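Values reported hereafter were calculated over all heavy atoms of this structure, with side chains retained and with hydrogens, waters and symmetry mates removed. Since this is a predicted model, take the numbers as computed values, not measurements. Just so you know, residue 1 is the first one in the sequence shown, and it goes up from there.
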Amino acid sequence: MKIAVYCSSRTGLPDEYTRAAEAVGQWIGNNGHSLIYGGVNAGLMHSVALAAHSAGAEVTGIVPHFFAYRADPLVDNLIECTDLSERKALMIRNADAFVVLPGGLGTIDEWMSTLSQLVVNCDRHRKIVVANIGGIFNPTITQIAQLAASPLARSEMMQMSVIARSCDETIDILNKISQPK
């Protein structure tokens, strides 16, 4: 399975975020999956990639040209693209599942873009696992739930994002969605 991970490229983040990134990366490699990520050599992006690579995963980084100088040297496959929109499209197109780790606006944008694509395409087979570590995404989750309950959006929106409250729960969910059906 190819798993796209969206997360922060910021450094100096709380240890609980870094531990979650490392655990997800290690799980990806230990279970014979591949990682697709933003390809930057910083923050949680590098943490998840290093852990996945160290555990034997194939690692693909997708980096816009203007971030190429920040590309992580440990990637097995580096794909340069024109901009962030193309990066999101490539990640969505090439992944079988998605993990949202703590991150800022870029991470939320990737999550919402992926969710929108899955809803519009009625793609119920691919899931988005949101690692809501420390409640970082609570306001976003509440907003999505309110929209899903309103006449403005499709109610299946919430079903495509599976919310995990901890690192352990994130791994448990990944174990469930990776099982052959």
Side-chain angles (χ1 to χ4, degrees), residues 1-31 33-55 57 59-64 67 70-72 74-75 84 87-88 91-92 95-118 126-147 157-178:
M1 189 162 70
K2 294 179 182 176
I3 301 173
V5 175
Y6 305 135
C7 59
S8 179
S9 64
R10 300 280 310 245
T11 57
L13 296 174
D15 289 342
E16 65 182 331
Y17 297 163
T18 303
R19 283 192 303 274
E22 291 168 349
V24 167
Q26 187 175 29
W27 181 89
I28 290 170
N30 286 345
N31 288 278
H33 303 298
S34 301
L35 170 68
I36 301 171
Y37 79 118
V40 174
N41 184 19
L44 299 183
M45 282 193 194
H46 177 70
S47 296
V48 72
L50 179 60
H53 182 61
S54 297
V59 176
T60 299
I62 303 176
V63 181
F67 283 153
R70 296 178 65 195
D72 204 327
L74 64 78
V75 301
L84 292 171
R87 177 168 82 176
K88 286 186 295 188
M91 291 176 81
I92 293 167
D96 301 306
F98 307 88
V99 175
V100 179
L101 291 170
L105 288 176
T107 301
I108 293 171
D109 176 46
E110 290 164 332
W111 173 17
M112 292 304 111
S113 293
T114 302
L115 180 58
S116 294
Q117 286 294 317
L118 297 183
R126 296 191 289 170
K127 295 293 181 199
I128 304 167
V129 181
V130 179
N132 189 29
I133 309 298
I136 191 68
F137 294 121
N138 282 348
T140 307
I141 293 164
T142 298
Q143 181 65 53
I144 293 169
Q146 287 176 333
L147 281 172
M157 287 176 64
M158 281 305 291
Q159 298 164 3
M160 293 179 175
S161 290
V162 183
I163 310 302
R165 292 177 303 269
S166 67
C167 180
D168 289 343
E169 191 174 350
T170 301
I171 299 301
D172 288 344
I173 294 167
L174 287 170
N175 281 322
K176 288 175 187 162
I177 69 168
S178 69

Let me confirm one number: the [atom1]-[atom2] distance from [X] to [Y], rounded to the nearest 0.5 Å.
X	Y	atom1	atom2	value
L35	M45	CG	CE	10.5 Å
F137	T142	CZ	OG1	13.0 Å
I133	S166	CD1	OG	6.0 Å
S54	E22	OG	CD	9.5 Å
I128	M160	CD1	CE	8.5 Å
L174	W27	CG	CH2	4.5 Å

Find out whether [X] and [Y] are in side-chain contact, i.e. whether some heavy atom of one side chain is under 4.5 Å from a heavy atom of the other.
X	Y	result
V75	T60	no
V129	I3	no
H33	S178	yes
M112	T140	yes
P102	L13	no

For I144 and W111, what are the C-alpha separation, side-chain angles and deciding distance, and is it a side chain to side chain contact (heavy atoms under 4.5 Å, CB included)?
CA-CA 11 Å; I144 293 169; W111 173 17; 3.7 Å; yes
Side chain to side chain contact (heavy atoms under 4.5 Å, CB included) partner of H46, chosen from L74, T11, T18
L74
Kindly say whether [Y] contributes a backbone atom to a donor-acceptor pair with the side chain of [X] at under 3.5 angstrom?
X	Y	value
D109	L105	no
R126	I92	yes
D96	K2	yes

Looking only at non-hydrogen atoms, find the nearest pair between [X] and [Y] and report the distance.
X	Y	value
P64	L84	CG-CD2, 3.8 Å
A131	L101	CB-CD2, 3.8 Å
A42	R70	CB-NH2, 3.8 Å
S9	V40	CB-CG1, 4.3 Å
A164	T170	CB-OG1, 3.3 Å
N30	A55	OD1-CB, 3.5 Å

Assess the residue pair V99 and V48 against the criterion (side chain to side chain contact (heavy atoms under 4.5 Å, CB included)); give the C-alpha distance rounded to whole Å, side-chain angles, the decisive distance to 0.1 Å, and a yes or no.
CA-CA 11 Å; V99 175; V48 72; over 6 Å; no
Side chain to side chain contact (heavy atoms under 4.5 Å, CB included) assessment of L115 paired with S161:
CA-CA 7 Å; L115 180 58; S161 290; 3.9 Å; yes
